[in-house]
Amino acid sequence: MLESLRARLARGSKVKLLYAGEEHAAALVGPCLAVIARREPGPNIFQEAPRWVDGLLEAYPHKGGVIVIVQANAPPPSDASRSRIDRAYSEYGRGVVAGAMVIEGRGFVAASIRSVLSLMMLTSKYSYPIKTFSNVDDGAAFLANKLPDASAAPAPFIASGVEELRAAYEGEMGAFTAGPSRANI
């Protein structure tokens, strides 16, 4: 799947694809690790997350950011998934100075998931600040303001790279999110 997704990305893309599977896709968008999640993370996240952080640090030794985009209709994470998410976010700390978790969508379910994950992030002692957002633009703006000078990237660059990754992944797997970050969610 990695090669077919890579082929979908535009020539000269700002997206450097790191992983693609049924559950999620991960890529570097400049100094940001971008993860688009279709489902709860499976056990393979334990092998993949360290590789992603290694790729980020190889390209940006001064560290970068992480932005995770979760599908709009995802159910709240299970206990097993919360443990995996916590472990992945702890691993991200090796290579990031800030994190943004984007739970897209409207209504009670999306707001509940944002609340659950915000509480989880507050009770966890990550080595970096992390916030929950309802759209990619706000998450990208947060990250752009937190990146070190040596890894600086403007928010529109990060957001457009995430959208490029989303479009390629949805082209491969089918649409599954609330849509582009610029949608009034």
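For clarity, every value in this text was computed on a predicted model and none was experimentally measured.
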Study note, to complete from the structure: In terms of heavy-atom contacts, Leu56 and Pro31 come closest through CD1-O, 3.4 Å
**Study point:** Note, Ile103 side chain near Ser134 side chain (heavy atom, < 4.5 Å)
**Key:** no
Exercise for review: Determine whether Val162 and Ile69 make a side-chain contact, defined as any pair of heavy atoms from C-beta on separated by less than 4.5 Å.
Suggested key: yes
Review point. Do the ring planes of Tyr19 and Trp52 sit parallel (below 30°), tilted (30 to 60°) or perpendicular (above 60°)?
Key: tilted
Practice item. Check whether any side-chain heavy atom of Leu57 lies under 4.5 Å from a side-chain heavy atom of Arg94, and answer yes or no. Key: yes
**Study point:** OG1 on Thr132 to CZ on Phe142, rounded to 0.5 Å
**Key:** 9.5 Å
Check your understanding: How close do Tyr169 and Glu23 get, heavy atom to heavy atom, and via which atoms?
Key -> OH-C, 3.7 Å
Check your understanding: Any Lys/Arg nitrogen of Glu164 or Lys14 sitting under 4.0 Å from an Asp/Glu carboxylate oxygen of the other?
Key -> no
Review point. Once you round to the nearest 0.5 Å, how far does CZ of Arg166 lie from CD1 of Ile36?
Key: 5.5 Å
Check your understanding: For the atom pair CD (Glu170) and CD (Glu163), what is the distance rounded to the nearest 0.5 Å?
Key -> 8.5 Å
Review point. Would you call the rings of Tyr89 and Tyr92 parallel, tilted or perpendicular, where under 30° means parallel and over 60° means perpendicular?
Key: perpendicular
**Study point:** Distance (rounded to the nearest 0.5 Å) between Leu17 CG and Leu28 CG
**Key:** 9.5 Å
Exercise for review: Please answer whether the main-chain N or O of Leu9 pairs with a side-chain N or O of Ser13 as donor and acceptor at a distance below 3.5 Å.
Suggested key: no
Exercise for review: State, yes or no, whether a side-chain contact exists between Ile67 and Val102 at a heavy-atom distance under 4.5 Å.
Suggested key: yes
Exercise for review: Determine, for Asp138 against Lys131, whether the closest basic-nitrogen to carboxylate-oxygen distance falls under 4.0 angstrom.
Suggested key: no
Practice item. Measure the CD-CG distance between Glu22 and Asn44 for me, rounded to the nearest 0.5 Å. Key: 11.0 Å
Review point. Under 3.5 Å, is there a donor-acceptor pair between the Ser151 and Lys63 side chains?
Key: no
